[in-house]
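All values below come from the heavy atoms of this structure, side chains included, with hydrogens, waters and symmetry mates left out. Just so it is clear: chains get the letters A, B, ... in the order the sequence lines come, proteins before strands, and each one is counted from 1.
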Amino acid sequence: MPSSEPVSEALSQTLAHQVLGRLADQSGPYFGEFGGRYVPEALIAALDELETEYRKALGDPSFRDELARLHREYTGRPSPLTEVPRFAEHVGGAPGAVRIFLKREDLNHTGSHKINNVLGQALLVRRMGKTRVIAETGAGQHGVATATAAALLGLECVVYMGEEDTRRQALNVARMRLLGAEVVPVTIGTRTLKDAINEALRDWVTNVETTHYLLGTVTGPHPFPEMVREFHRIIGEEAREQMLERVGRLPDVVAACVGGGSNALGIFNAFLDEESVALYGFEAGGEGIESGRHAARFSGGAPGVLHGARSYLLQDADGQTLPSHSVSAGLDYPSVGPAHAWLHDLGRATYEPVTDVEAMEAFRLLCRTEGIIPAIESAHALAGALRVGRSAVAEGRTDQVILVNLSGRGDKDVATAATWFGLIDDAAQGEGDQ
Amino acid sequence: MSTMTTITSPTGTRLAELRAQGRAALVGYLPVGFPDVPRSIEAVLTMVDAGVDVVEVGVPYTDPVMDGPVIQRAAEAALAAGTHVRDVLGLVEAVAEHSGGRVPALVMSYWNPVLRYGVDAFARDLAVAGGAGLITPDLIPDEAREWIAASDAHGLDRVFLVAPSSTPERLRLTARASRGFVYAASTMGVTGARGKVGERAEKLVADTRAAGAEHVCVGLGVSTGPQAAEVGRFADGVIVGSALVKTLLDDAPWADRLDALGRLTGELADGVRHARTTTPEAAS
Ligand SMILES: Cc1ncc(COP(=O)(O)O)c(C=O)c1O
């Protein structure tokens, strides 16, 4: 990226690459017209250092070996692939017409896919000689993963979290504190994930010499969108092999929930260049697009710049960021990773909203039919998979294979779900079994 | 940037005049719309009457990552009061009219509001309003192709930032892309008053000049007359934001707040006027 031409050399190279190259190997700073580095100049030196170190590390067998060892011995990779026939029955159609497989990122240490990226970046922090990491978190899963890696590697750790999120994910706040991290509730703006990112960026500008910003998804300024995808591509690579082993072919559909987009890109990546595989990303439809209370950037947003990248964004006519809404804190973000904006505009992936109600229905269904309590984020992908499966049945398909990324487990969401379904006696008034 | 030399910079011209008079400029920042649009116009004109040389009008934005708590609070209040991006144009026009064009008015905006307005449309409307140009805290020259073209087309200044962490190569790139002045962020950090303006500021100004910048103004942290004098020794301009905004973030009656704003502006204006004399006492 450091080119001396104000008009980016990298942009034209990227455009050329996109015509010729594999989608899966797309490198930053641009994904089509999205991505870039819309940040204060003060951060550019750190981003350049990070990019250099990350590229060196990827080419360094000792880095790759160490990461592979942690994946195996600490995270518990490869994560299993589980077929869920009792859940899939609810698609309808002839028995076995639609088979659904879950990629079990929920079984990773710390309970979600977030650990894949965190371990990769934490090893980079050590290589860069920095001693302090900061992170933003919404659902708390990325914060927990970061606090975990910081404990493992002996780094100082500060996690910014919107005050609203500290309330709905109180258990994860306690987990981070147990792991030795400082959790800072953010009380300005909408008090959710986007404001936590603002605060983390302010901290980073101030302390960049000693501090690494361990960003938790495929958003932000280059190199984050590319780098975080690289650390998550293992999800898709494992799943692809497991599918071939288990059913002897690639899936017809891959489905994932999309907050910033890291678990989705991680599983999509291995299938991006396979034309036979349809890719579906499910965003938080909240209370419905018409209600204005959602986080569906592709249905309800337009291209714009937030937190360092150009992508689809919930914004008003003045370019002010609009508040997002979702029952799931991890999907409650007004923008989305630039690679998803690019895949959307290319028509390579389809993005649809899933409402709170649909997600919670799928949440309960997976609990009851398969004995797996998913994260509410992941429940959006499950609801989307049911929808895609039903339309396949309606089209008369008899041998659909759907792969769903089960990005996390629902322990953190038990209180939300209990309230939603009225399972706690004093909270049982009102919402009931919607 | 072949067109750069053919456009006369409104801010650069004013900075050159002041340099000939042997002093730095006082650049005063206030956001439009705080506490509401009419009173923000009053406040900026108060600042002009009290001696600022260049006005910097902020566009309130929901996600101001380069700003500390004071400016964040003002921006939040301005948005809550229903301020729109186009309101900045009226304020710029008022400054041009009130000062007879003597005081250049720059707009400071995060990039998305400008992008949403339309980069060329914003440049056109800002030029028509009599604005001098735009300061872009989260737009680096590498991403500014559209803005560079629009500012050339409409004869506007474009002020990019440099920081203590900028490499010599980036200082050159930024100096080359800027028109009017280069904004040197004195310390690593966000806006807000500081007890001490970083020692790195003086070195950064020298390095930015060596990288080809004609004018370099220093911002972040200046809040008092003596600090303004200190920075005015080596910089072409002293940019003050949070300290001025703070005089308005108060429960006192509006007239008292305007008085406080005028007094602080006067003290800062004295500071830059006495910066390069041997003893400040002798000059007063
Ligand atoms: C379990 C889980 N899934 C998904 C997400 C959304 O993030 P992303 O879209 O980056 O995968 C989160 C974020 O907190 C999460 O905790």
If we count only N and O atoms by modelled type, under 3.5 Å, do the side chains of A/Thr190 and A/Thr192 hold a donor and an acceptor together? yes
Ranked by heavy-atom pairs below 4.5 Å to chain A, first place among B/His84, B/Arg86, B/Gln72 goes to B/Gln72
Below 4.5 Å from any heavy atom of chain A, which atoms of B/Pro60 appear? Answer side chain, backbone, both or neither. backbone
Between A/Glu209 and chain B, with a heavy-atom cut-off of 4.5 Å, which part of the residue counts as in contact: side chain, backbone, both or neither? side chain
Can you tell which of B/Thr174, B/Leu79, B/Val59 has the highest number of heavy-atom pairs within less than 4.5 Å of chain A? B/Leu79
Which atoms of B/Tyr61 come close to chain A, meaning under 4.5 Å heavy atom to heavy atom: side chain ones, backbone ones, both, or neither? both
Closer than 4.0 angstrom, basic N to acidic O: yes or no for A/Arg202 and A/Glu199? yes
Do A/Arg310 and A/Glu33 sit within salt-bridge range, that is, some charged N less than 4.0 Å from a carboxylate O? yes
Does the pair A/Glu53/A/Lys130 count as a salt bridge with the N-to-O cut at 4.0 Å? no
Part of B/Thr83 within contact of chain A (heavy atom distance under 4.5 Å): backbone
Looking at chain A, which one of B/Asp67, B/Leu139, B/Asn112, B/Val114 has the largest number of heavy-atom pairs inside 4.5 Å, strictly under? B/Asn112
Provide the closest heavy-atom pair for B/Val190 versus A/Thr206 in the form atom of the first, atom of the second, distance. N-OG1, 4.2 Å
